[in-house]
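Data first, discussion second: the structure below is written as structure tokens.
Chain identifiers are assigned alphabetically (A, B, ...) following the order of the sequence lines, protein sequences preceding nucleic acid strands; residue numbering begins at 1 within each chain. The structure displayed is predicted, hence computed values, not measured ones. In what follows, every heavy atom counts, from backbone to side chain, and hydrogens, waters and symmetry copies are set aside.
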Amino acid sequence: MENRDLARLLRETADLMEIADEDSFRIRSYRRAADAVETCSQPIRILAAEPKRLLEIPGVGKGIAAHLTEMVSTGRFSEHEKLLSQYRPTMLQLLQIQGLGPKTIALIWARHKASTVEEVEALAREGKLRELPRMGEKAEQKILKAITAWRAMSGRFLLEEARQAAGQALARLREIAEVEQAAAAGSLRRGKETVGDLDLLVAGRRLQGAALTAAIDHFLGFPGIVEIYGRGESKLSVRLHAGLQIDVRWLPPESFGAGLLYFTGSKAHNIALRGRALKAGLSLNEYGLSPLETAPPGKSKAPVAAPTPRTLSTKARRPEDAPSGGLLPAGAAEVAAEARIYHALGLEWIAPELREDAGEIEAAATGHLPRLVSEADIRGDLHMHTTASDGRCSIEAMADAALARGYEYIAITDHSASLAMVQGLDERRMLQQLKRIHAADASYRQGRKPAGGGRERPLRILAGIEVDILADGRLDLADDVLAQLDLVIGSIHSRFDQAPEAVTERLLRAIEHPALHLLGHPSGRILLRREPIALDFETILSACAQHGVTLEINAAPDRLDLHDRHARRCREAGVKIAINTDAHHPRHLELLPYGLAMARRGWLEAKDVLNTLPAEELLTTLQHQRRAAGAHS
DNA sequence: GCCGTTTTCGGCCCGACTGTTTTCAGTCG
């Protein structure tokens, strides 16, 4: 059992304990232990050989250590099984439905013996839920709506989960000597925020006959595989225990570029490309680009070896400029293979994130593709938490991590008091925190050596806060304190189930506040559990333009709450975007590629992004922004 | 459950918000 499996079992047990109405502190211990196990740098199954070493993990005591030892040695967890026999595994799904909590689930189970989404849905439709205490027609409707939203999300996986699985599966494939090329295609490569299944492509000259059979057998030894859907001439289809489907296809080496292009999609992009090929008398499929059957006599049917058209030769992007921001670093050879096809169609190579038939083909034909923002453009992170609220580490630890990444600045933005669960900062504690940030800034701006080596560099540490936007649009921290901060992020932390008009109104009032710099959760869309709310985004956008407020792309994989089409509208409206990781731990800075993927899908260039500015320019911009807003109000 | 300790128990996780109330339970972050 890997750490992630152990953490999952602990979390599921905690969820079931909640339904069983057990002690909340005990439940919290299970969740904390799950976090600790998941982030533990060493495999628990190794540590478990010496039980003392398990106790060294913070959050793991005698009780949890015994549970871990049981899981590692027997592959089972008796406490988990006991709760499951008492309740039902499907209740874990019910917990994912917005508005359905452990108490309600326990009540529905006690009264109706209903434990599946379908059963609860039926009860709601029959008007039977309203008969339960403290439930009414409104609550029933809300649950039905939440079930619809849940259905839309289920069966899809967060980009992060898919990328991890793809990384492991690709590593397995690359162990095979005959595999010369291997890459992930599909929506993962396009950087979509959720992924339905994985498409992996492999190619090798000797990958046929007995060698192919042996290669497939080797891949089937991949530990996560629980089911084989199909094993055919050109494709293998399996399912992992988490439910994710992986399709592996093998292609002739000369078709690898065409295959990558074809299986990366999107469907709309492929259709448009094929149309363009047809007009040029060519046929495009997953094996290559070739002259049409009906082509004029004399033309061979051999695949077109496509030279770069002269008209594009000066503008064509070098493939190495292109790879997608680090999320899935594509090999230069693979990109070059794709580029040959694009060039043969009179197009520049198009970054996978843009392939939606949303104007990218026209732009590629005329040399007007955006120069997409990339990891190297980002100079700092403007949204970070520390132990002052729910972060795990000190200001200095976060600063060191930023320094190691080569950043020029960071902003420390802990939660404000309304987020009581994490002991958010009230005015008094914010002022104390401000002193600490100023002290750290004074020290780091003199220059520090990054932990991993390298020359001494200065780092600016900005003082900020993530304030809560209350239901009436007020910010939950006094104006005189807000005025002392470099950066104020406003986020909504409660009641996303308000009517969209009410949430829009709430955001508009916050945008008008002279101290607000950045709007978090700007589209009311937290990926993990919700469908987008139908906010009046255009009105929000023009208010941001008027008041100089920047919108945030939150790179945490379960956030990404600014949709790519919103990002693109920001660009058109001249409203800046900040791409932040919302880091609660130094490691979270590595999540930047997820935010970048969203930004790139929204066609953003470096100039559209606030945190590509050099430190001094950024500070000036933030100060100016406050003055402009102040003048307005 | 874990943690810390003036060591074996007491503290840890609470405010905003809604829908159902007629004073508050349940959910969320």
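Nucleic acid contact for A:P58: sugar-phosphate only, since backbone atoms but no base atoms lie under 4.0 Å from a heavy atom of the residue. As judged by a 4.0 angstrom heavy-atom cut-off over every strand, A:V60 is placed among residues touching the sugar-phosphate backbone only. Here A:E137 lies in heavy-atom contact (under 4.0 Å) with sugar-phosphate atoms only. Note on A:L470: only backbone sugar-phosphate atoms sit closer than 4.0 angstrom, heavy atoms only; bases stay farther off.
Between A:L68 and A:L47, the closest side-chain pair of non-hydrogen atoms is not below 4.5 Å.
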Worksheet item: What's the verdict on salt bridge (charged side-chain N to carboxylate O under 4.0 Å, His left out) for A:R4 and A:E160, showing C-alpha distance, side-chain angles and the deciding distance?
Response: CA-CA 14 Å; A:R4 216 186 314 169; A:E160 160 71 4; over 6 Å; no
Practice prompt. Check the pair A:Q432, A:R429 against side-chain hydrogen bond (donor to acceptor under 3.5 Å, both in side chains), reporting the backbone distance first and the verdict last.
Written response: CA-CA 5 Å; A:Q432 293 171 349; A:R429 288 183 55 225; 5.2 Å; no
Fill in: side-chain contact (heavy atoms from CB on, under 4.5 Å) between A:L382 and A:L618, worked out
CA-CA 11 Å; A:L382 298 174; A:L618 173 77; 3.9 Å; yes
Would you list the protein and nucleotides 8-12 of chain B atom pairs, both N or O, that sit under 3.5 Å from each other?
from   : atom 1 : to    : atom 2 : distance (Å)
B:dC12 : O3'    : A:R28 : NH2    : 3.2

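Looking at residues two or more places apart in sequence or on another chain, you find a side-chain contact (heavy atoms from CB on, under 4.5 Å) between A:T104 and A:L100, A:I108, A:M135. Residues passing the salt bridge (Lys or Arg N to Asp or Glu O under 4.0 Å) test with A:R8 are A:D5, A:E12, sequence neighbours excluded. Qualifying side-chain contact (heavy atoms from CB on, under 4.5 Å) partners for A:A36, counting only residues two or more places apart in sequence or in other chains: A:I57. Not counting sequence neighbours, A:E56 has no partner by the salt bridge (Lys or Arg N to Asp or Glu O under 4.0 Å) test.
One C1' atom belongs to B:dT23, the other to B:dC17, and the distance between them is 16 Å to the nearest Å. On the C1' atoms, B:dC2 is 13 Å away from B:dT8, given to the nearest whole Å. Rounded to whole Å, the separation between the C1' atoms of B:dC13 and B:dC28 comes to 13 Å.
The partner of B:dT8, taking Watson-Crick or G-U wobble pairs whose two distances both stay under 3.5 Å, does not exist in any strand shown.
The shortest distance between the side-chain N/O atoms of A:K142 and the OP1/OP2 oxygens of B:dG19 is below 4.0 Å.
Regarding A:D35, its CG atom lies at a distance of 15 Å from the P atom of B:dC2, rounded to whole Å.
Taking every heavy atom of residues 67-82 of chain A and every atom of DNA chain B, pairs under 4.0 Å involve A:H67, A:E79, by number.
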